[in-house]
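Letters A, B, ... are given to chains in the order of the sequence lines, protein chains preceding strands, and every chain is numbered from 1.
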Amino acid sequence: MKTGARLLIEGLQREGAETIFGYPGGSVLPIYDELYDTPIRHILVRHEQAAAHAADGYARASGRVGVCLATSGPGACNLVTGIATAYMDSVPMVAITGQVPTSMLGNDAFQESDITGITMPITKHNYLVKHAGDLPQVVRDAFYIAGTGRQGPVLIDIPKDVMTAQLEETPLVGTARLRGYQPTYEGHALQIEKAVGLITEADRPILYVGGGVIASGASGEVRRLAELMLIPITTTLMGLGAVPCDHPLNLGMIGMHGTEAANYAVTECDLLIAVGVRFDDRVTGKIDAFAPNARIIHIDIDPAEIGKNRPVDVPIVGDATSVLQGVIRRLVRKDGRDGWLDRVRRWKESGIAGGEASDALSPAYIIREMSDLLGETGIIVTEVGQNQMWAAQHYCFRRPRTWISSGGLGTMGYGFPAAIGAHFARPEETVVDVAGDGSFQMNIQELGTVVQYDVPVKVVILNNMYLGMVRQWQELFYDRRYSYTELPPVDFVGIARAYGVDGMQVEEKADVRTALKTAFETEGPFVLDFRIEREANVFPMVPAGAAINEMIGRRQG
Amino acid sequence: MKAHTLQVLVENRAGVLSRVAGLFSRRGFNIESLTVGTCEEPGMSRMTIVVLGDDAEVEQVKKQLNKLIDVIKVSDITERSTVDRELALIKVSADTGDSRAEVMQIANIFRAQIIDVGTRSVILEVTGDTEKIDALEILLRQYGIKEFVRTGKIALLRGSKGTKGQK
């Protein structure tokens with residue numbers, strides 16, 4: 001005899017889930033009872049939102065499916081922001097929620113919410129399991145859907161009576177076979193042939209690569225293609241780390257806070273090779289002026305992304321790694337693009353020579369010192385806002401999956417719990433959460449989790465006592481009317497200490513390196529509260545609705 | 001903007017209609033009609049969806065529909081040779097002898113059935129393509145339409161070829 005809860009746990013083990021993040025409650029008691037003596041490690045967070053973000057961070061750091069667990073009603077609803085975050089960034093995740101017993105479904109029972117209805121637009125798929133016997137196959141299918149094709153979150157909602165139902169026989173689990181779901185991995189040979197033709201003919205090609213390259217593990221292929229054909233590369237926010245920042249062909253990030261080199265080069269290119277990207281508005285700016293003279297090759301595993309925002313010349317549906325291998329195999333090395341490469345190099349050089357050094361405690365300086373100290377090691381997780389953009393601009397990412405940030409949804413409060421998840425995925429790495437004072441306060445309660453499990457996450461707060469990115473927009477576009485963006489000073493070190501976490505407040509530029517060293521050398525968690533210059537801005541910047549070569553401001557020195 | 005007819009084969013499961021309908025409202029697609037019912041394949045349903053939009057929009061509708069796990073196959077049959085039908089029930093005022101006779105005459109021309117006769121109204125049942133039902137509705141307006149209900153279009157490809165199979 002086995003219960004539904006037992007079948008669920010066995011299913012999770014079968015799929016290789018060794019760490020899950022959750023928060024108990026009335027409707028998931030049978031699952032928690034089973035968890036009590038299984039080898040699965042459960043991390044108790046302080047808020048269900050953090051469970052979802054931690055599962056997300058775990059997935060992004062490892063490439064495996066992250067798992068979170070919450071009770072019905074408020075527990076499930078608190079997962080929603082985390083699920084939406086994972087959905088927007090195509091992160092593989094399985095979220096498990098308890099539900100009121102089937103006899104009470106739809107009756108507005110205590111702690112009932114229609115979580116399958118609520119999450120329909122923000123999951124790749126979801127299930128309300130009404131029979132315990134279905135659980136093994138549902139778990140198999142859920143992991144398969146979450147982790148294949150264009151990855152994404154899948155939710156499994158389980159009524160309490162389904163968890164406690166006793167089954168005489170253990171149902172057999174087949175391979176996941178879904179007649180409505182067959183992702184395409186191999187690119188169409190004819191399309192690959194056409195792409196090879198365009199790449200060979202092009203005078204001013206650019207590689208525009210994003211999160212799909214990280215998900216597919218295609219960094220090596222991108223690099224090989226670039227080096228073989230001498231093609232400059234720009235990455236999206238989600239693609240940071242796909243190519244080392246100091247690779248001579250890497251122009252850095254594209255888009256609203258991208259580099260001059262990347263934005264100018266894309267505007268002037270005659271061939272845009274888009275790989276694992278979705279032509280997001282934060283990347284393209286005014287879409288009609290985005291790569292206006294270019295032919296476009298678009299490689300993506302999701303056919304719906306191709307042609308969604310911009311018509312393309314050569315669409316290739318498939319996995320980035322396999323498609324790029326096919327392209328590279330057919331290419332013959334081509335020289336004679338010196339003019340284009342020179343032009344791109346000049347933009348790159350003029351973009352780096354930024355403002356002069358000052359004594360102010362600038363966020364750019366802190367990030368660059370951090371980058372210098374961590375070198376080839378470390379995983380950088382961020383919150384959302386100025387802190388995120390400064391980290392993206394000034395940290396030198398050299399490996400895939402070392403940059404973890406909420407790109408599509410832009411979720412403040414994401415970074416700290418995601419950093420906890422990243423630690424459990426890759427405990428050997430130094431994990432840093434780059435935060436703002438606003439974002440950190442959105443999930444600051446996770447200091448409790450960090451202490452309970454001795455998670456050595458380092459929190460680097462770029463504290464300007466503002467909701468900085470909103471303030472920046474108010475400064476530039478709303479006549480400096482700082483409406484509700486100023487935050488009173490908070491003693492973050494005091495809060496950290498109250499939880500049992502060590503910390504340090506830093507006000508002088510001269511103390512930055514020592515403070516960072518102290519944090520990195522401390523064995524446990526550490527909170528660094530940097531009191532940065534209050535009105536530092538993220539530059540360059542493309543105003544909303546402008547073309548990406550219409551940048552304002554200069555990169556900070 | 002042009003009307004496209006999509007035939008969509010879906011898993012016959014709870015929630016599949018709201019997944020499809022939710023997709024249309026969420027992405028701002030214009031749905032003209034949607035019909036759904038079981039079909040020749042056990043465990044599947046067939047939907048006929050009429051959607052308004054230019055070719056690029058409808059292409060995006062098709063791709064998004066295909067992403068739903070419960071959607072097995074999407075076929076745009078707009079440009080193909082099909083038979084399509086709608087069923088309508090129309091309750092028409094017929095309180096004078098003259099109007100009753102005229103309504104019955106019109107019904108006859110349209111091969112509509114009178115399926116209920118009351119003292120002051122009759123109910124017509126008519127099947128046909130969308131244009132035929134529109135035409136009948138216009139003709140009957142002068143007598144006073146009390147209630148009107150129609151199913152939305154269903155369609156099949158002509159000949160032995162179908163739209164079944166894996167997507």
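Between the side chains of Thr116(A) and Asp157(A), no donor N or O sits under 3.5 Å from an acceptor N or O. Donor-acceptor pairing under 3.5 Å is lacking for the side chains of Ser75(B) and Gln7(B). Of the N and O atoms on the side chains of Arg85(B) and Thr127(B), not one donor lies less than 3.5 Å from an acceptor on the other residue.
Contacts between Asp302(A) and chain B at a heavy-atom distance below 4.5 Å involve the side chain alone, from C-beta outward. Contacts of Ile145(A) with chain B are made by side-chain atoms alone, with heavy-atom separations under 4.5 Å and no backbone atom involved. With a threshold of 4.5 angstrom between heavy atoms, Glu57(B) does not approach chain A through any atom at all. Contact of Arg19(B) with chain A is made through backbone and side chain together, with heavy-atom distances under 4.5 Å.
Annotation: Arg295(A), atom CZ; neighbour count of heavy atoms from other residues, nucleotides and ligands within 6.0 Å does not exceed 12.
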